[in-house]
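Written out below as structure tokens is the structure these notes cover.
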Amino acid sequence: MKQRLSIYLTIILIVTALTPSHAGANNATFSDIDGHWAEEDIEALAEAGIVNGYVDGTFRPNNEITRSEFVKLVVDAFDLKSNDAGARDTYFYADTYTMKNSLHETYHWALPEISIATIRGLIHGTGPNTFSPNVPLTREQLAVIFDNLIYEATPFLLQRLSEAGFPTGYEAHKYKDFDDISEWSVHKVDRLTVIRFIQGYNGYFNPKQPATRGEVAHLINKLLGVADDQGVTTVFSGYYYETLPDEVPYEMREWVDGLDYDNFEEDINDSFVAHSENRTYAAVSRLGSPCDGIQLKSLRDSYGTLTAFFEYTTNHVVPYVCPESIELHVKVVKLPLVDEVEVKINK
């Protein structure tokens, strides 16, 4: 079915920094955040299962955060996956695992997230074959990783933000300690300052100062606050033999029922579009291991045709965790009502 209807994408503008309101002591998730300036952000992320505290019930918002802790939070908060199945068993930094007799023996607890962040372009290490996972994260490193998340990795929820553009200017030069900002980070610090995602303290950016757990919680929650699903809902994500929700159109159900595991042809029968009275549905299928999956990467509207770009993903896991079986995966998303839809898949 092909008709025409244009979708007009709105532009997201980041305005001033969020001003959190503070929950009362009786409502606090952690015993040490009542009255803290990032209390609301910490509470929101804890409720979403993104951050955890310590066994004594504290969060320690003013404590430094390590590079590995930060990377894990970002990967988890934005559900980042690897798009390079061939790199699943590749370990990029010698200080994230140990070897014995040519075999991997131990792994850093955040190795999967560090690997995903490397593949997605969020991080590039601190030196030749090193990541320094347990070293405190500096504020300029934080800025670089957030900028790479928005403008390089660009998960679907941040697509509109990445495309919104920003005023030109050299905001970073206004910091009194501008000369202390490393050359490799100054462009990123400038861009995030222009869109007012980050800011300094009393005119200083303090680029070499370690970031705190409270600061990171505030910025992650702030970024989640401007995330935009563009009216898209994931209806189903699972295996072809599982029951689809009732709302999936009949013709799409027939398509899924007709998928042949034994004779699956990826290049011919890997996507399907169906329309209901008030929504459009797009489905994608793939063969892969239980660790593999499918994600919607972006939407593009061009001359009345909405193109949905999907990509094949894989969890980056240590060896022997992912079963070796092959499954037929199916993902169904509900789009805004459009008449002409094209599906493209990055495999």
Side-chain angles (χ1 to χ4, degrees), residues 48-50 52 68 71-94 96-123 131 133 153 155-156 234-245 248 252-253 255-272 282-297 309-333 343 345-347:
I50 296 172
N52 296 303
S68 57
V71 166
K72 178 169 174 56
L73 286 177
V74 170
V75 169
D76 288 350
F78 293 92
D79 193 27
L80 299 182
K81 308 290 184 186
S82 169
N83 61 346
D84 184 357
R88 178 181 290 150
D89 296 329
T90 300
Y91 306 107
F92 299 92
Y93 311 105
T96 60
Y97 61 88
T98 61
M99 299 281 289
K100 185 176 182 180
N101 298 326
S102 299
L103 297 174
H104 294 90
E105 187 177 44
T106 61
Y107 308 90
H108 190 277
W109 61 268
L111 177 61
E113 291 79 14
I114 293 170
S115 299
I116 290 171
T118 300
I119 292 169
R120 287 298 188 178
L122 269 68
I123 57 176
F131 178 68
F156 176 68
T234 297
V235 175
F236 176 80
S237 184
Y239 301 129
Y240 78 109
Y241 53 77
E242 295 179 318
T243 303
L244 294 172
V248 176
M252 183 168 283
R253 292 173 175 278
W255 174 77
V256 173
D257 289 341
L259 291 174
D260 188 343
Y261 177 91
D262 294 322
N263 299 293
F264 185 74
E265 299 180 53
E266 289 189 44
D267 295 328
I268 298 175
N269 199 31
D270 55 6
S271 65
F272 190 85
V284 173
S285 60
R286 71 168 295 190
L287 283 176
S289 78
C291 290
D292 295 329
I294 306 163
Q295 279 190 334
L296 178 62
K297 180 62 175 173
F309 292 88
F310 290 83
E311 64 178 358
Y312 288 176
T313 62
T314 183
N315 285 327
H316 197 108
V317 296
V318 297
Y320 317 121
V321 173
C322 186
E324 295 182 358
S325 61
I326 299 298
E327 301 287 352
L328 184 50
H329 301 256
V330 175
K331 189 178 191 72
V332 180
V333 299
V343 173
I345 307 170
N346 178 18
K347 303 176 182 180

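Nothing here was measured: the structure is a model prediction, and the numbers come from that model. FYI, side chains are in, hydrogens and waters are out, and symmetry mates aren't considered; it's all heavy atoms of this structure.
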Restricting to side-chain contact (heavy atoms from CB on, under 4.5 Å), what partner residues turn up for [X], sequence neighbours left out?
{"X": "Thr243", "result": "none"}
{"X": "Lys331", "result": "Thr234, Ser237, Ile294, Val333"}
{"X": "Asp76", "result": "Lys72, Glu113"}

For [X], what residues pass the ring pair (Phe, Tyr, Trp, His ring centres under 6.0 Å) criterion, not counting sequence neighbours?
{"X": "Phe236", "answer": "none"}
{"X": "Phe309", "answer": "none"}
{"X": "Phe131", "answer": "Tyr93"}
{"X": "Tyr239", "answer": "Tyr241, His329"}

Check your understanding: Will you find, in the side chains of Ser82 and Thr314, an N or O donor that is under 3.5 Å from an N or O acceptor?
Key ->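 Per modelled atom types, Ser82 and Thr314 side chains form no pair under 3.5 Å.
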Review point. So Asp270 and Lys347, side-chain contact (heavy atoms from CB on, under 4.5 Å) or not? Walk me through it.
Key: CA-CA 11 Å; Asp270 55 6; Lys347 303 176 182 180; 2.9 Å; yes
Practice item. Please identify each residue that fulfils salt bridge (Lys or Arg N to Asp or Glu O under 4.0 Å) with Glu327, with sequence neighbours left out. Key: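 In terms of salt bridge (Lys or Arg N to Asp or Glu O under 4.0 Å), with neighbours along the sequence ignored, Glu327 is linked to no residue.
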Point to revise | Derivation of the side-chain contact (heavy atoms from CB on, under 4.5 Å) call for Leu244 and Met252 | key: CA-CA 10 Å; Leu244 294 172; Met252 183 168 283; 5.5 Å; no
Check your understanding: Does the side chain of Val71 come within less than 4.5 Å of Leu122's, by heavy atoms?
Key ->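 Heavy-atom side-chain distance check fails, nothing below 4.5 Å.
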Nearest heavy-atom pair of [X] and [Y]: which atoms, and what distance?
{"X": "Arg120", "Y": "Asn83", "answer": "NH1-ND2, 3.3 Å"}
{"X": "Ala283", "Y": "Trp255", "answer": "CB-CZ3, 3.5 Å"}
{"X": "Pro323", "Y": "Ser289", "answer": "O-CB, 4.0 Å"}
{"X": "Tyr312", "Y": "Ile345", "answer": "CE2-CG2, 3.5 Å"}
{"X": "Pro133", "Y": "Ser68", "answer": "O-OG, 2.8 Å"}
{"X": "Phe92", "Y": "Ser115", "answer": "CE1-O, 3.9 Å"}

Got a second to check how far [X]'s [atom1] is from [Y]'s [atom2], nearest 0.5 Å?
{"X": "Phe310", "Y": "Lys297", "atom1": "CZ", "atom2": "NZ", "result": "13.5 Å"}
{"X": "Thr313", "Y": "Arg286", "atom1": "OG1", "atom2": "CZ", "result": "6.5 Å"}
{"X": "Trp109", "Y": "Thr96", "atom1": "CH2", "atom2": "OG1", "result": "12.5 Å"}
{"X": "Leu80", "Y": "Asn315", "atom1": "CG", "atom2": "CG", "result": "11.0 Å"}

Practice item. Would you please test Ile123 and Ile114 for side-chain contact (heavy atoms from CB on, under 4.5 Å) and show each step? Key: CA-CA 8 Å; Ile123 57 176; Ile114 293 170; 4.0 Å; yes
